[in-house]
Amino acid sequence: MTELMIKNKQLLLLLLWMAIALMLRFANLDSKPLWTDEFSTLVFSLGNSFRGVPIDRAIDLPTLLQPLQFRPDAGIADVLNHLLLESNHPPVYFMLAHWWMRLFGPTEDSLVWIGRSLPALLGVISVPAIYFLGKFAFNSRLVGQCAAAMMAVSPYGIYLAQEARHYTLGILLVIASLFCLTLAAQKLQQRAPLPVWAVLIWIVINCLGIASHYFFVLTLCAEAIALIAVIWLQFNQKLATSNNQQPNIWQFQIIWRLLAVALGTLAGGLVWLPVFSSNKYGSELTNWLVSGDRTLLDGINPIVQACAGWITVVSLLPVESPNLAVVAGSAIGMTIFLLWALPLLRNALKTSLKTPDTRLGTVIFGGFVLGAIFLFFSFAYILGIDLTRGPRYNFVYFPGVILLLGAILAVIYSTPTVKSRWFNLPAVEISGKKAVMLILAMGFVSGITVNSNLGYRKYYKPDLLIPIIREVSKVPVLIATTQNTHVEIGELMGIGLEWERSSAADFVADVADVTDVTDVRKKGSAADFVTDVTDVRKKEEVKAFSPQFLLVKQRRDAPEIVAGILDQTLSKLERPLDLWLVNFRAPVNLAAQKCQLESRQFPGVDGYEYEVYHCSRS
C-alpha cells in the first residue's frame with residue numbers, strides 16, 4: 001500500500017469519527033431543559049444582566065425571561081461589564097459565545113440550540129485535535145485513530161459538549177497545552193532545549209486556558225507533575241542512553257526555557273487574581289463544593305464520585321431511566337463490561353509502558369492524569385473542597401485519559417488474541433480487533449444514552465415540576481423563591497422557560513380546537529404556534545395563562561423581612577391563588593393571608609424543593 005493510500009485511509013477514518021462525533025453531539029441538542037449555569041452562559045453571552053430582573057415584587061413571565069432576549073446593540077463591553085461584576089468566571093468563552101450569538105441572532109425558539117451548538121461544535125473539533133496529538137506523542141497513526149474514536153464516542157465528552165458551557169473550549173486548550181508538554185518531554189529526552197517559538201506558543205495557550213476557566217490552573221500543575229516524572233526517569237536512565245549526553249550548556253537552556261514558560265504563564269494568570277479576589281459572588285457561587293463536618297460520608301464521597309466520573313469516560317448505560325428494570329439491567333450490563341474490560345486495559349497499559357516506542361507518551365500522560373487525580377484528592381481531603389462533586393471539572397485532565405486509552409486500545413488492537421481474567425477464574429479470549437470494537441461500541445451506545453437524557457441528566461428538572469403545578473393548580477399561580485445570587489434567578493427561569501414550552505398543548509386544544517399537540521411542542525412556544533395556526537387568539541391571551549413569579553432577596557439575619565415581603569405581595573394579588581414556594585429558604589406563616597398548606601405528598605423533583613399553599617378569598 002502506497003503512502004498516499006495510507007494517508008487517504010487515515011483521513012477517511014478520521015472523517016468517520018468526526019461524523020459520529022457530530023451526530024452524537026448534535027442529536028437532541030435542545031431537548032433537555034436548561035439549568036442554572038447554562039442560563040448564566042446565555043445571559044452573559046448575550047451581553048445582558050441578571051440585575052434587570054425585579055426583586056421583592058411579583059413579575060410576569062416575559063419580565064422574568066427578559067435577560068434571554070437577543071439585543072443587536074449589545075457588544076463585548078456589555079459582556080465584560082456584566083460578567084465580571086456578577087459572576088466568578090473569566091471572559092474568553094463568553095466573548096466567543098457572544099460573537100456566535102451575533103452571527104446567528106437567536107430567537108426565542110432557537111436560543112437553546114444556538115447556545116449549545118458552539119460547545120457541541122468545539123467538541124467535534126476535539127476529535128481531530130486529539131488524533132494529531134496522539135499521533136505526535138506516540139509517533140503512531142493507530143494511537144491517534146484510537147484516541148480520536150474514543151473521543152468521538154465518550155459519553156463524558158458528549159455530556160460536556162451538549163451543555164451551553166465553556167468546558168469543550170477548555171478541553172481544546174488542554175489538548176493544545178499537552179502538545180507543548182509532549183514537545184518539551186521529547187526535547188528533554190533528546191537533551192535539547194525547547195524552541196523559542198514553542199515557549200511563546202505554550203505561554204499564550206496557557207494564558208488563554210486560565211482566561212477561559214480558572215481550573216485550567218489544575219491542568220498546568222498536573223503538567224508540571226508529568227514533567228517531573230519525565231525528568232526523574234531521565235536521571236534514572238530509563239528514557240535516555242548515556243551516549244545521548246550533551247554539553248552542560250544545553251541542560252541550562254532546557255531549564256531556563258521551561259522556567260520562562262512557567263514565569264510567562266504565572267504572569268498571565270496573575271492578571272486575573274485581582275478580578276477573582278474582588279468578586280463578591282465568588283465564594284457564594286462555589287460554597288456547594290466545600291465539605292461540611294468531615295463525616296465518614298465526606299471521606300468516602302470523593303472516591304466514589306471520582307470512580308463514577310472515570311467509568312463514564314467509556315461506559316454509561318441508562319442508569320437514570322425512570323424504568324427500574326432498565327436501571328437494573330443497565331447496572332448489570334456495565335458491571336459485566338467493566339469486569340471484562342478492566343483486565344484488558346490494565347495488561348495493555350503495562351505493555352505500553354514496557355515498549356520503547358510508547359513508553360515516553362505513556363509516562364507523560366500517565367503522570368499528567370495521576371497528577372491531576374492527586375490534586376483533586378488533595379483539595380478534597382486537605383482543603384475540604386470536593387471538586388469531584390462536579391464531574392464537569394474533570395475536563396482539566398480528560399484529554400490525558402483519552403490519550404492513555406488511545407495508546408492502550410492500540411496495543412489491544414495490535415494483539416491477535418487478548419485474555420481477560422480475574423484472579424483464578426477462567427479467562428475470556430477474544431481477538432484484539434474485536435475487543436477494541438466492543439469497547440468503542442459500548443462508548444457509542446453510552447453516547448446515545450447521554451443525548452437521549454437517560455444518563456448525565458440535568459440536576460435541575462423543571463420539566464418534571466411543571467406538570468405537577470398544572471395538575472394541582474386550576475387557579476392563578478404565584479411561584480416564589482428566595483434570591484441570593486443569579487443561581488436562584490436561573491432556577492426560576494428554568495421553570496418559566498419550561499412553562500412556555502409545555503403549556504402549548506393544553507392551551508391550543510382548549511382554545512383553538514387544535515389537537516395535534518406534537519407540532520406545538522416542536523414549536524416550543526404556544527404564542528407563536530397559535531399565531532401561525534389560527535387567528536382566533538393573540539399572543540397576549542396565551543401569556544395570560546402564565547404564572548407570576550416572586551424573587552425575595554435572601555436576608556439570613558432578618559428572615560422576618562423575607563416573610564413580610566411575601567405577605568405584602570400576596571395581599572396585592574387577586575384570590576383565589578395558589579402559592580408555590582420553590583427552594584424558599586425562609587420560615588413563613590401564611591395564616592393571616594388565609595393560605596392553607598396542601599396536605600398531599602408530591603413526588604420529589606431534582607433541584608427543586610417545593611410546597612403549595614391554596615389562598616382563598618376569605
Side-chain angles (χ1 to χ4, degrees), residues 24-38 112 116 153-164 301 304-305 307-309 311-338 389-392 442-473 479 490-506 517-518 520-522 524 580 582-583 598 600-612:
L24 291 175
R25 284 155 178 78
F26 279 87
N28 301 322
L29 188 59
D30 60 350
S31 62
K32 303 177 188 179
L34 292 168
W35 70 294
T36 55
D37 282 15
E38 291 183 289
V112 177
R116 287 175 173 168
V153 302
S154 170
Y156 176 77
I158 294 164
Y159 148 65
L160 291 184
Q162 288 204 311
E163 290 207 332
N301 277 342
V304 175
Q305 291 161 174
C307 289
I311 290 170
T312 61
V313 172
V314 178
S315 171
L316 181 59
L317 296 181
V319 291
E320 294 185 68
S321 168
N323 188 312
L324 185 58
V326 173
V327 173
S330 300
I332 293 171
M334 288 177 64
T335 301
I336 293 172
F337 170 78
L338 291 172
R389 290 182 180 178
R392 56 191 180 275
M442 170 58 84
F444 181 80
V445 173
S446 300
I448 294 175
T449 295
V450 173
N451 65 38
S452 300
N453 204 26
L454 295 174
Y456 271 126
R457 299 185 70 179
K458 296 290 186 286
Y459 175 69
Y460 292 90
K461 298 176 182 176
D463 54 323
L464 300 183
L465 180 60
I466 296 303
I468 298 172
I469 297 176
R470 291 169 60 83
E471 176 65 26
V472 172
S473 296
I479 301 174
E491 291 171 356
L492 276 199
M493 281 182 167
I495 294 174
L497 202 60
E498 281 303 311
W499 183 281
E500 240 190 16
R501 297 177 64 175
S502 65
S503 64
D506 289 345
V517 299
T518 302
V520 182
R521 287 181 177 135
K522 287 181 179 178
W580 289 78
V582 179
N583 296 344
E598 171 67 58
R600 282 182 291 171
Q601 293 292 320
F602 296 109
V605 176
D606 288 349
Y608 295 101
E609 299 175 13
Y610 64 96
E611 55 186 12
V612 57

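Because only heavy atoms are used, hydrogens play no part in the values below, and waters and symmetry mates are left out as well, while side chains stay in. For the single chain, residues carry numbers from 1 onward in sequence order.
To the nearest 0.5 angstrom, D606 atom CG is 4.0 Å from K461 atom NZ. Rounded to the nearest 0.5 Å, atoms CG (N451) and OG (S446) are 11.0 Å apart. If you take CG on L497 and CD1 on I466, they are separated by 10.0 Å, rounding to the nearest 0.5 Å. Between the OG atom of S31 and the CD atom of Q162 there is a distance of 7.0 Å, given to the nearest 0.5 Å. Of the inter-residue distances, the one linking M334 atom CE with T449 atom OG1 reads 9.0 Å to the nearest 0.5 angstrom.
Residues E609 and N583 form a side-chain contact, since some pair of their non-hydrogen atoms from C-beta on lies under 4.5 Å apart. Side chains of I468 and Y608 form no contact here, defined as non-hydrogen atoms less than 4.5 Å apart. Side-chain atoms of L317 and M442, non-hydrogen and from C-beta on, do get closer than 4.5 Å to each other. Between N453 and N28, every side-chain heavy-atom pair lies at or beyond the 4.5 Å cut-off.
What you find for A164 and E38 is that their closest heavy atoms are N-OE2, 2.8 Å. Across V319 and A331, no two heavy atoms sit closer than the pair CG1-N, 4.2 Å. Here the closest heavy-atom approach between residue R116 and residue L29 is recorded as NH1-O, 2.9 Å. Here the closest heavy-atom approach between residue T36 and residue G490 is recorded as CG2-C, 3.8 Å. Contact detail for P155 and Y456: the closest heavy-atom pair is O-CD1, 4.3 Å. Between E498 and D463, the shortest heavy-atom contact is OE1-CB, 3.6 Å.
Judged purely by atom type and a 3.5 angstrom limit, S321 has no side-chain atom pairing as donor or acceptor with the backbone of V327. Of the possible polar contacts, none joining the S452 side chain to the L454 backbone as a donor-acceptor pair under 3.5 Å is found. Panel note: side chain Y159, backbone G455; no donor-acceptor pair is recorded below 3.5 Å.
The residues E163 and K458 are annotated as salt-bridged, a charged nitrogen and a carboxylate oxygen being separated by less than 4.0 angstrom.
If you run side-chain contact (heavy atoms from CB on, under 4.5 Å) between L316 and each of I311, V445, I158, V450, only V450 comes through.
Below 30°, between 30° and 60°, or above 60°: for W35 and Y460 the angle between ring planes is below 30°, a parallel geometry. In this structure, Y610 and F602 have tilted ring planes: the angle between them lies in the 30° to 60° band.
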### Message
Before you tell me yes or no, could you show the steps for I479 and I469 under side-chain contact (heavy atoms from CB on, under 4.5 Å), namely the whole-Å CA-CA distance, both residues' side-chain angles and the distance that decides it to 0.1 Å?
### Response
CA-CA 10 Å; I479 301 174; I469 297 176; 4.0 Å; yes
### Message
For a side-chain contact (heavy atoms from CB on, under 4.5 Å) check, start with the C-alpha distance between V582 and E491, then their side-chain angles and the critical distance, and finish with the verdict.
### Response
CA-CA 9 Å; V582 179; E491 291 171 356; over 6 Å; no
### Task
Go through the steps to decide whether D37 and R392 satisfy the test salt bridge (Lys or Arg N to Asp or Glu O under 4.0 Å), and finish with yes or no.
CA-CA 12 Å; D37 282 15; R392 56 191 180 275; 3.7 Å; yes
